Asker: 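Here it is, the structure, as structure tokens.
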Amino acid sequence: MWYNVDGDSMDRIIFHIDVNNAFLSWSAIDLLINGFKEDIRNYDAVIGGDESRRAGIVLAKSMGAKKKGIITGETLYSARKKCPGLKVYPPNYYVYQTKSNSLFTLLSKYTPDIEIFSIDECFIDYGKVKKLYGDELIFANKLKDEIQEKLGFTVNIGLGNNKLCAKMASDFLKPNMIHTLFNDEIKDKMWSLPIEELFGIGKKTSTKLRGLNINTIGDLANADFDKLAPYFKNQTIKMINAANGKDGSPVISEQVESKGISNSTTLDHDLKTSEEIYKVLHVIADNLCTALREQHRYACVVVVILKDRYFKSYSHQMKLNNGTNITSEVFGISKKLLDEMWNLEPIRLVGIRLDNLVKEVNYQMSLFESNEDRTKVSKLDKTVDDLKIKYGHNVIGNAYLKDDNIIKKY
DNA sequence: TCTGGGGTCCTAGGACCC
DNA sequence: TCTGGGGTCCTAGGACCC
């Protein structure tokens with residue numbers, strides 16, 4: 001997390017650029033390109049998950065839907081109750097990635113100092129290029145308009161002396177707006193906001209804070225450290241700094257490799273037998289290992305994640321002596337982990353996370369295995385990967401999984 | 001008809017070693 | 001027979017973000 005006070009300084013100028021209703025805007029543009037007559041941004045519309053797979057939640061909403069009180073993350077069922085005429089469209093992640101890339105490409109004309117924060121958000125260290133482009137507000141306005149003109153969607157841009165303030169600023173009033181939250185504006189513009197608006201303060205923490213009669217960001221900014229410390233331990237100082245708009249974390253433009261990758265799926269019905277769960281684990285293990293092999297990376301930790309019908313989640317993990325990206329190995333470990341952890345309660349979600357990723361393995365054979373076997377399975381994976389590259393990801397799968405209805409949903 | 005999927009970071013407790 | 005800390009590594013779970 002980036003509330004790091006060291007390095008915070010007045011003379012930095014940071015932009016936070018945030019696409020307005022990203023998924024919905026991007027889907028709207030894509031639909032228009034494909035001959036759709038209406039712009040779904042002008043309806044009461046949402047991008048939503050697949051209800052038949054029990055993934056029916058709101059991922060993004062139009063301004064109209066927002067006005068009806070629909071919030072991101074709520075069930076489509078509940079959203080429809082608020083807005084009976086609601087239109088629901090499925091997400092298209094391929095389109096989103098393309099639009100996202102087009103935004104970052106446009107921005108990189110101006111500066112290499114861009115930190116990609118998520119698919120629809122980034123930070124720019126404007127201080128470093130100010131002498132090239134001049135006044136930050138004038139530039140921000142031009143940039144905002146250029147994005148709308150060339151890419152067809154709107155953004156909010158927040159300006160501050162650090163990333164935290166820039167991010168808070170871009171969130172003020174939407175859409176298509178520019179806001180500043182410089183150090184001398186923190187009291188006036190941020191302290192009156194309710195505590196849950198502060199970045200990093202979620203539901204659990206805000207409930208606890210309100211219980212301590214801390215209701216606004218200003219209350220937290222001026223809170224007594226010793227009073228809060230027993231409740232929030234090491235987080236206390238970070239929270240108080242954040243409420244004071246202090247953050248020294250740098251804009252990091254190099255793409256850092258992820259520390260782990262995961263894949264999980266909510267099933268369309270609860271699974272009740274190991275055999276059913278194994279099949280899902282196998283597909284997931286293959287997805288993840290294929291991705292790792294593409295990146296030439298290896299996992300040293302395998303985690304199996306389950307959610308039961310009450311939405312309670314469980315995990316079980318194993319650290320490996322040797323990193324692996326071999327599907328059959330990860331699948332084998334996952335099965336073992338499942339067998340150890342599963343209490344036979346019906347399962348709603350199955351996932352695997354591969355962690356502690358490394359670039360190379362110095363493979364050390366255990367006493368009883370032969371390196372030949374390992375080379376063989378590795379080669380098999382490679383052959384499958386090559387076929388996938390040549391003919392597409394769906395042409396080949398494990399025969400074990402063929403014609404299985406779990407896979408169709410996947 | 002409650003509640004996606006992919007991440008990061010933190011905490012607490014246990015094992016183990018010195 | 002009972003009793004120490006300190007440090008590190010590992011695991012499970014939680015909180016938060018988009």
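So you know, we letter chains A, B, ... as the sequences are listed, proteins then strands, and number each from 1. Everything numeric in this text was worked out from a predicted model, so none of it was measured. Values below: all heavy atoms of this structure, side chains included; hydrogens, waters and symmetry mates excluded.
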Asker: Whole-Å distance between C/dG14 P and A/Lys233 NZ?
Answerer: 16 Å
Asker: Using atom types as modelled and distance alone, determine if a side-chain donor or acceptor of A/Asn92 lies under 3.5 Å from a backbone N or O of A/Ser27.
Answerer: no
Asker: Is any side-chain nitrogen or oxygen of A/Arg353 closer than 4.0 Å to OP1 or OP2 of B/dT8?
Answerer: yes
Asker: Is A/Lys307 positioned over the aromatic face of A/Phe311, cation under 6.0 angstrom from the ring centre and no more than 45 degrees off axis?
Answerer: yes
Asker: Within a reach of under 6.0 Å around NZ of A/Lys130, are more than 12 heavy atoms found that belong to other residues, nucleotides or ligands?
Answerer: yes
Asker: With sequence neighbours excluded, tell me which residues meet salt bridge (Lys or Arg N to Asp or Glu O under 4.0 Å) with A/Asp270.
Answerer: A/Arg54
Asker: With a 4.0 Å limit, can you tell me whether A/Ser258 has a side-chain N or O closer than that to the phosphate oxygens OP1/OP2 of B/dG7?
Answerer: no
Asker: Using a 4.0 Å heavy-atom cut-off, does A/Gly351 contact any base of the nucleic acid, only the sugar-phosphate backbone, or nothing at all?
Answerer: nothing
Asker: If the cut-off is 4.0 Å, is A/Arg53 near the phosphate of B/dG5, judged by side-chain N/O to OP1 or OP2?
Answerer: yes
Asker: Is the shortest side-chain N/O distance from A/Arg309 to OP1 or OP2 of B/dC2 below 4.0 Å?
Answerer: no
Asker: Atom CD1 of A/Ile70 and atom C1' of B/dC2: how far apart are they, to the nearest Å?
Answerer: 16 Å
Asker: With A/Arg53, which of A/Asp268, A/Thr266, A/Thr265 fulfils side chain to side chain donor-acceptor pair (under 3.5 Å)?
Answerer: A/Thr265
Asker: Could you tell me whether A/Phe23 contacts a base, only the sugar-phosphate backbone, or nothing, with contacts defined as non-hydrogen atoms closer than 4.0 Å?
Answerer: nothing
Asker: Does a side-chain N or O from A/Ser118 land closer than 4.0 Å to OP1 or OP2 of B/dG7, or not?
Answerer: no
Asker: Who pairs with A/His179 by side chain to side chain donor-acceptor pair (under 3.5 Å), at least two apart in sequence or on another chain?
Answerer: none
Asker: Under 4.0 Å between a side-chain N or O of A/Asn263 and OP1 or OP2 of B/dG5?
Answerer: no
Asker: Determine if the base of B/dC2 is syn or anti; take syn to mean the glycosidic torsion is within 90° of 0.
Answerer: syn
Asker: Find which nucleotide of DNA chain B each of A/Tyr310 and A/Phe232 is nearest to by heavy atoms, and output the residue with the more 5' nucleotide.
Answerer: A/Tyr310
Asker: Could you tell me whether A/Ile261 contacts a base, only the sugar-phosphate backbone, or nothing, with contacts defined as non-hydrogen atoms closer than 4.0 Å?
Answerer: sugar-phosphate
Asker: Any chance you could encode DNA chain B as dot-bracket? Rule is Watson-Crick or G-U wobble with both distances under 3.5 Å; [ ] for pairs crossing earlier ones, | for another strand.
Answerer: ....||||||||||||||
Asker: For residues 82-90 of chain A, dump all side-chain donor-acceptor pairs below 3.5 Å to protein atoms at least two apart in sequence or in another chain.
Answerer:
from: A/Lys82; atom 1: NZ; to: A/Gly69; atom 2: O; distance (Å): 2.9
from: A/Lys82; atom 1: NZ; to: A/Glu74; atom 2: OE1; distance (Å): 3.0
from: A/Lys82; atom 1: NZ; to: A/Glu74; atom 2: OE2; distance (Å): 3.2

Asker: Verify the contact: side-chain N or O of A/Lys167 to OP1 or OP2 of C/dC18, cut-off strictly under 4.0 Å; return yes or no.
Answerer: yes
Asker: On the ring face of A/Phe172, is A/Lys174 found with NZ or CZ under 6.0 Å from the centre and within 45° of the axis?
Answerer: no
Asker: Check for me: is A/Phe199 stacked on C/dC17 by the 5.5 Å centroid and 30° plane-angle rule?
Answerer: no
Asker: Closer than 4.0 Å, any side-chain N/O of A/Thr205 to the OP1 or OP2 of C/dC16?
Answerer: yes
Asker: For the side chain of A/Leu349, starting at C-beta, report the closest nucleotide among B/dT3, C/dC18, B/dG5.
Answerer: B/dG5
Asker: Would you tabulate the nitrogen or oxygen pairs shorter than 3.5 Å linking the protein to nucleotides 9-12 of chain C?
Answerer:
from: C/dT11; atom 1: OP1; to: A/Lys319; atom 2: N; distance (Å): 3.4
from: C/dA12; atom 1: OP1; to: A/His316; atom 2: ND1; distance (Å): 2.6
from: C/dA12; atom 1: OP2; to: A/Gln317; atom 2: N; distance (Å): 2.7

Asker: Using a 4.0 Å cut-off on heavy atoms, which residues in residues 74-107 of chain A reach DNA chain B? List them by number, or say none.
Answerer: A/Thr75, A/Tyr77
Asker: Can you check the A/Asp268 CG to B/dG4 C1' distance for me, whole Å?
Answerer: 15 Å
Asker: Does A/Ser100 use its side chain to pair, donor to acceptor, with the backbone of A/Tyr96 at less than 3.5 Å?
Answerer: no
Asker: Check A/Asn244, A/Ile214, A/Leu198, A/Thr205 against A/Met239 for a side chain to side chain contact (heavy atoms under 4.5 Å, CB included) and give me the one that passes.
Answerer: A/Thr205
Asker: Indicate yes or no: does A/Lys272 engage A/Glu345 in a salt bridge with an N to O separation below 4.0 Å.
Answerer: no
Asker: Looking at B/dG6, I'd like to know if its phosphate oxygens (OP1 or OP2) sit under 4.0 Å from a side-chain N or O belonging to A/Ser264.
Answerer: yes
Asker: Looking at the side chain of A/Asp120, which of C/dG14, B/dG4, C/dC18 is the nearest nucleotide?
Answerer: C/dC18
